[in-house]
Amino acid sequence: MLLHHKMHQSPRFRLYICLQWRKFKARIFGIIVLSAVLSVELWSAGGGLGLAMGLFLGALDNPLMQDQMTGRQQLIYQAKQMGQRSWSSCKAFAVMGFVFSAAECVVEKARAKHDITNTVVAGCVTGGAISARGGPKATCVGCAGFAAFSVVIEKFLERHT
Amino acid sequence: MAAGNAPSAHEREQIIGMMEKEMEYRVDMFNKLTHTCFSKCVENKYKEAELNMGENSCIDRCVSKYWQVTNLVGQLLGNSRPPM
């Protein structure tokens with residue numbers, strides 16, 4: 001219905017639309033490729049941080065009880081539990097870091113500015129993606145909370161430099 | 001008609017003059033482009049030595065738009081001479 005006008009049949013118009021569509025696709029592809037490349041680079045940082053925090057939290061989660069130290073098998077079992085828990089939280093943190101850095105990449109590339117609002121939007125996206133299962137209210141709360149957290153971390157890092 | 005040497009020497013001078021002017025024009029345009037995009041895209045507080053991603057994409061867009069504007073203005077001036 002939209003493309004039945006005589007103007008829309010001309011080859012010039014079709015060429016114009018085809019070029020616009022190609023430009024649009026090229027831009028989307030470029031953004032995706034660039035954000036993928038940069039996210040891989042930044043993901044290693046996120047993964048490293050995730051591994052460290054996972055190990056730390058895993059150790060905190062499972063304090064070795066003293067009355068079980070007599071049996072070595074119990075010790076090995078505790079160590080395995082700690083390793084499993086730290087590995088799973090490491091994966092969770094790595095995914096979080098990946099999503100955060102990808103969102104920040106895309107937002108900064110699109111805005112062409114280096115601001116603190118890039119961090120805010122990326123934090124909101126990450127927090128919302130993580131707590132999306134709890135419904136819209138949990139998504140909002142997660143978004144606001146993670147955005148505030150990431151702003152605090154960013155300010156801390158800036159002051160440190 | 002004179003021999004081929006004299007007009008071609010004169011023509012050569014003309015061509016060299018035109019090329020010099022073209023070179024000056026291009027150098028001037030490069031300088032202006034650099035100044036404009038730098039003052040527009042890069043913030044005054046130099047917090048680090050490398051360009052950010054935002055500054056990078058800003059400079060890309062700035063150069064592309066400047067070039068398009070130059071071409072368009074050249075076309076418009078070339079096609080129809082405005083009566084002065």
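Per chain, numbering begins at 1; letters A, B, ... match sequence-line order. In what follows, every heavy atom counts, from backbone to side chain, and hydrogens, waters and symmetry copies are set aside.
Atom NZ in A/Lys109 sits 10.5 Å away from atom SG in B/Cys58 (nearest 0.5 Å). Note that NE2 of A/His114 is 7.5 Å distant from CD of B/Glu55, once rounded to the nearest 0.5 Å. For the atom pair OG of B/Ser57 and NZ of A/Lys113, the computed distance is 11.5 Å after rounding to the nearest 0.5 Å.
At most 12 heavy atoms of other shown residues, nucleotides or ligands fall within 6.0 angstrom of atom CZ in B/Phe30. In the displayed structure, B/Glu48 atom CD is contacted under 6.0 Å by more than 12 heavy atoms of other residues, nucleotides or ligands.
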Quick one: do A/Cys105 and B/Met53 satisfy side chain to side chain contact (heavy atoms under 4.5 Å, CB included)? Show the steps, please. CA-CA 8 Å; A/Cys105 267; B/Met53 210 169 9; 3.9 Å; yes
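By the criterion of side-chain heavy atoms lying less than 4.5 angstrom apart, applied directly or through intervening Ile, Leu, Val, Met, Phe, Trp or Tyr residues, A/Ile116 is not grouped with A/Phe146; the two fall into different hydrophobic clusters. Cluster membership for A/Val121 and A/Phe100, using ILVMFWY side-chain heavy atoms within less than 4.5 angstrom, is not shared.
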